[in-house]
Amino acid sequence: MRDGKGPSRAPVLQFTNCRILRGRRLLRWEDLWVREGRILDPEKLFFEERLVADQQRDCGGCILAPGFIDVQINGGFGVDFSQATEDVGSGVALVAQRILSHGVTSFCPTLVTSPPEVYHKVLPQIPVKSGGPHGAGVLGVHLEGPFISREKRGAHPEAYLRSFEANAFHDVLATYGSLDNVRIVTLAPELGRSHEVIRALTARGICVSLGHSVADLQVAEEAVQSGATFITHLFNAMLPFHHRDPGIVGLLTSDRLPPGRHIFYGMISDGMHTNPAALRIAHRAHPQGTKTLSGSIAPMDVCVRHFLQATGCSVESALEAASLHPAQLLGLEKLKGTLDFGADADFVMLDDSLHVQATYISGELVWQAEEARQ
């Protein structure tokens, strides 16, 4: 109800009877306040605007966590983002809508190694887009390849792999056609001239990730010094850890990173691609966490639950690995991956076993479980 003072304003929603993930803690005695798609500071609402909520929603004791952010998803539900169809956008839209049920509120559609003509056709069809009832928001495209190692290419088609030519960044532009909608590029840092490419990409605000690589630790460290900030699916498609040279994995405990630089790493926490012991090793190497979760073919909420069970980490850490950390990786932590005041009201409602009960984007309910509707 309003007190009748002041001009008419946008409605205020108050989410009650919940536990809010904020500041690495689940807060039990606070409500979540939303107006015009943003998280409100209730003190300012009460004492400066002299207003109360227009509508209250009882969360039934559920957890409210920031919406999950998937920075590596190649498709799903019969859609492959790397297929140069006439209507790529409809496939992206389908996936964007379906992943709402798994708590994902924004994502990076990911293309595997492809010929230039595919990039030229597909990339313009995947613009950055806000989320809503139509589906999760698109934060930009993740290009995984084609500048990767032949030895560690995995399922990437060998015929389309490329190396950097004399004018390395020009070759990148010629290959992709445009970087306008690109947010992340995964490359192998041992390729010649990779460091000038890393510097050029990061200068454009594009995150550079190391992956599908046979790089040793020194090469990986030099790549981070040039601007790389991410490791694509840690342990997978890279040299195995060796005590004399731990390779890219050694970045987790390297003492040669630039001051203040954090290296983020994605982990396929699906119970198949990465052994639970490897998940525990990575988590314990960085107990405060700079990890993000990538799902392969497993839904993001399944990965969160598996990561929690495999590592024995806190609920807070598991949820932040799917929300705060990917937002930090992309430089979006002021708006995404957090429920701090002023942030976008993208959040997921979870039960005690971390099953998704409802998904909200900009404070609007965009998906709800059948049992939660009753």
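- A donor-acceptor pair is defined here as one N or O able to donate and one able to accept, closer than 3.5 Å; no such pair exists between the side chain of Q83 and the backbone of V79.
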**Request:** Test side-chain contact (heavy atoms from CB on, under 4.5 Å) on V52 and V12 and set out the steps.
**Result:** CA-CA 7 Å; V52 292; V12 175; over 6 Å; no
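- Under a cut-off of 6.0 angstrom, the local environment of CZ in F169 is crowded, with over 12 non-hydrogen atoms contributed by other residues, nucleotides or ligands.
- With hydrogens and angles left out, the side-chain atoms of E364 and S362 include no donor and acceptor closer than 3.5 Å.
- Within the 4.5 Å cutoff, the side chain of D352 has heavy atoms near those of the R19 side chain.
- Distance alone, capped at 3.5 Å, is enough to place a donor-acceptor pair between the H242 side chain and the R244 backbone.
- With rounding to the nearest 0.5 Å, the separation of CZ in F230 from CG in L330 is 8.5 Å.
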**Message:** Quick one, D41 with W33, criterion side-chain contact (heavy atoms from CB on, under 4.5 Å). Give me CA distance, side-chain angles, the key distance, then yes/no.
**Reply:** CA-CA 7 Å; D41 180 346; W33 299 75; over 6 Å; no
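- Side-chain N or O atoms of H142 include none that pairs as donor or acceptor with a backbone N or O of C108 at under 3.5 Å.
- Checked by atom type, the side-chain pair Q225/E221 shows no donor-acceptor distance below 3.5 Å.
- At least one donor-acceptor pair under 3.5 Å links the side chain of S90 to the backbone N or O of D87.
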**Message:** Could you go through I73 and I99, starting from their C-alpha distance and side-chain angles, then the distance that decides it, and tell me whether this counts as side-chain contact (heavy atoms from CB on, under 4.5 Å)?
**Reply:** CA-CA 10 Å; I73 177 169; I99 60 180; 4.1 Å; yes
**Prompt:** Run the ring pair (Phe, Tyr, Trp, His ring centres under 6.0 Å) check on H233 and H273 step by step: do they pass?
**Reply:** CA-CA 9 Å; H233 43 59; H273 285 78; 8.3 Å; no
**Item:** Working for side chain to side chain donor-acceptor pair (under 3.5 Å), residues H283 and T311
**Value:** CA-CA 7 Å; H283 172 65; T311 65; 4.7 Å; no
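- Between W367 and V356, the closest side-chain pair of non-hydrogen atoms falls below 4.5 Å.
- The hydrophobic clustering, which links ILVMFWY residues whose side-chain heavy atoms are closer than 4.5 Å, places V214 and I148 apart.
- Across all non-hydrogen atoms, the minimal contact from V122 to A84 is CG2-CA, 3.7 Å.
- For D301 (side chain) and H355 (main-chain N/O), no donor-acceptor pair under 3.5 Å exists by modelled atom type.
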**Request:** Apply side-chain contact (heavy atoms from CB on, under 4.5 Å) to L279 and H306, showing your working.
**Result:** CA-CA 10 Å; L279 294 177; H306 178 70; 3.8 Å; yes
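- In this structure, CG in L100 is found 8.5 Å from NE2 in H134, a value given to the nearest 0.5 Å.
- By the criterion of side-chain heavy atoms lying less than 4.5 angstrom apart, applied directly or through intervening Ile, Leu, Val, Met, Phe, Trp or Tyr residues, M238 is grouped together with M267 in one hydrophobic cluster.
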**Asked** Going through the distances and angles, do T113 and R153 end up as a side chain to side chain donor-acceptor pair (under 3.5 Å)?
**Response** CA-CA 9 Å; T113 294; R153 67 184 185 278; over 6 Å; no
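- Here the side chain of R280 pairs a donor or acceptor atom with the backbone of A310 at under 3.5 angstrom.
- Between E190 and K152 no salt bridge is recorded (no basic side-chain N to carboxylate O distance below 4.0 Å).
- The OG1 atom of T105 sits 6.0 Å away from the CD1 atom of I69 when rounded to the nearest 0.5 Å.
- The closest side-chain heavy-atom distance from I20 to L26 is not below 4.5 Å.
- When all heavy atoms of V224 and P258 are compared, the pair lying nearest together is CG1-CD, 4.0 Å.
- Side-chain contact check for T274 and N236: at least one donor-acceptor pair (N or O, by modelled atom type) lies under 3.5 Å.
- V302 and I63 end up in different hydrophobic clusters when Ile, Leu, Val, Met, Phe, Trp and Tyr side chains are linked at under 4.5 Å.
- Residue L335 comes nearest to A343 through the heavy atom pair O-CB, 3.7 Å, listed as atom of the first residue, atom of the second, then distance.
- R22 places a side-chain heavy atom less than 4.5 Å from the side chain of F341.
- The ring pair (Phe, Tyr, Trp, His ring centres under 6.0 Å) check on F164 picks up F147, with sequence neighbours excluded.
- Side-chain contact between I231 and L252 is present, with at least one heavy-atom pair separated by less than 4.5 Å.
- Pairing each heavy atom of K121 with each of P124, the nearest pair is O-CD, 3.7 Å.
- A donor-acceptor contact shorter than 3.5 Å links the side chain of R38 to the backbone of G342.
- To the nearest 0.5 Å, atoms CG (D245) and CG (D216) are separated by 4.5 Å.
- The minimum heavy-atom distance between L217 and G247, with the atom names listed, is CD1-O, 3.4 Å.
- Looking at every heavy atom in both residues, G227 comes nearest to R261 through CA-NH1, 3.9 Å.
- Between R25 and E316 there is no salt bridge, since no side-chain nitrogen of the basic residue lies less than 4.0 Å from a carboxylate oxygen of the acidic one.
- Other residues, nucleotides and ligands contribute at most 12 non-hydrogen atoms within 6.0 Å of the NE2 atom of H262.
- By the neighbour-count criterion of 12 heavy atoms within 6.0 Å, atom CD of Q309 is sparsely surrounded, having that number or fewer from other residues, nucleotides or ligands.
- V348 and V95 fall within the same hydrophobic cluster, where Ile, Leu, Val, Met, Phe, Trp and Tyr residues are linked whenever their side-chain heavy atoms come under 4.5 Å apart, directly or through other members.
- Note that CD1 of I126 and CG of D180 are 13.5 Å apart. Values are rounded to the nearest 0.5 Å.
- At most 12 heavy atoms of other shown residues, nucleotides or ligands fall within 6.0 angstrom of atom CD in E43.
- A donor-acceptor contact shorter than 3.5 Å links the side chain of Y119 to the backbone of S114.
- Remark: the Q328 side chain and the E333 side chain contain no N/O donor-acceptor pair separated by less than 3.5 Å.
- Ring orientation note: the planes of F347 and Y360 are close to parallel, at an angle under 30° on the 30°/60° scale.
- Two residues are said to be in side-chain contact when any heavy atoms from C-beta on lie closer than 4.5 Å; N74 and S82 fail this criterion.
- Between P42 and D31 the shortest side-chain heavy-atom distance does not fall below 4.5 Å.
- By the 4.5 Å heavy-atom criterion applied to side chains, L201 and L179 are counted as neighbours.
- Under a hydrophobic-cluster definition in which Ile, Leu, Val, Met, Phe, Trp and Tyr are linked whenever side-chain heavy atoms come within less than 4.5 Å, directly or via other members, L332 and I184 are assigned to the same cluster.
- With rounding to the nearest 0.5 Å, the separation of CG in L21 from OG in S317 is 9.5 Å.
- Looking only at distances, a side-chain donor or acceptor of Y265 sits under 3.5 Å from a matching main-chain atom of A282.
- Not one N or O on the side chain of R199 forms a donor-acceptor pair closer than 3.5 Å with the backbone of S226.
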